[in-house]
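A short write-up of the structure that comes next.
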Amino acid sequence: MPVARYYLWTQLTIIFQTSSEVMNHNTDYPSPSNFHKVKTQIRAENDADIMVKYFLDDVEVTTQYGADYVGKPLYL
């Protein structure tokens, strides 16, 4: 019988890597033992660059940008 595994995260770490730099943003969860809604919106900022917005419980945490990313594959 499969074993259920549960993980408790106390912090949300957001990392976005471009060819020239790596940025991260740490956000503490208000109550780590509860479920939280995590959402990311990725949109073209212009013909070449993207904008990535990160949300925790429907509150925007940070916005990051990726240069020359429009039209390139996105691997999740």
Side-chain angles (χ1 to χ4, degrees):
M1 172 173 263
V3 176
R5 290 193 171 100
Y6 299 93
Y7 298 95
L8 179 63
W9 286 287
T10 58
Q11 197 174 70
L12 174 66
T13 301
I14 298 167
I15 300 173
F16 187 81
Q17 182 174 348
T18 66
S19 60
S20 61
E21 66 183 56
V22 175
M23 298 182 329
N24 68 25
H25 180 88
N26 292 324
T27 300
D28 291 329
Y29 282 89
S31 51
S33 60
N34 295 333
F35 283 99
H36 294 278
K37 181 179 178 182
V38 178
K39 179 173 76 171
T40 303
Q41 289 181 349
I42 303 172
R43 299 179 182 206
E45 179 74 0
N46 53 47
D47 289 341
D49 307 326
I50 63 167
M51 173 181 65
V52 184
K53 290 187 175 221
Y54 298 91
F55 297 84
L56 177 62
D57 295 326
D58 294 319
V59 175
E60 186 176 336
V61 175
T62 189
T63 301
Q64 298 181 348
Y65 298 86
D68 298 321
Y69 211 82
V70 171
K72 300 202 174 120
L74 176 64
Y75 301 103
L76 300 175

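Here, residue 1 is the first one in the sequence, and each next residue gets the next number.
Legend: residues meeting side chain to side chain contact (heavy atoms under 4.5 Å, CB included) with Lys37, ordered by chain and number and at least two apart, are Asp57, Asp58.
Counting only heavy atoms from C-beta outward, the side chains of Asp49 and Val70 never approach each other to under 4.5 Å.
Summarising the geometry, atom CZ belonging to Phe55 is positioned 9.0 Å from atom OG1 belonging to Thr40; distances are rounded to the nearest 0.5 Å. Atom CD1 in Ile42 sits 13.0 Å away from atom NZ in Lys53 (nearest 0.5 Å).
In the displayed structure, Asp47 atom CG is contacted under 6.0 Å by at most 12 heavy atoms of other residues, nucleotides or ligands.
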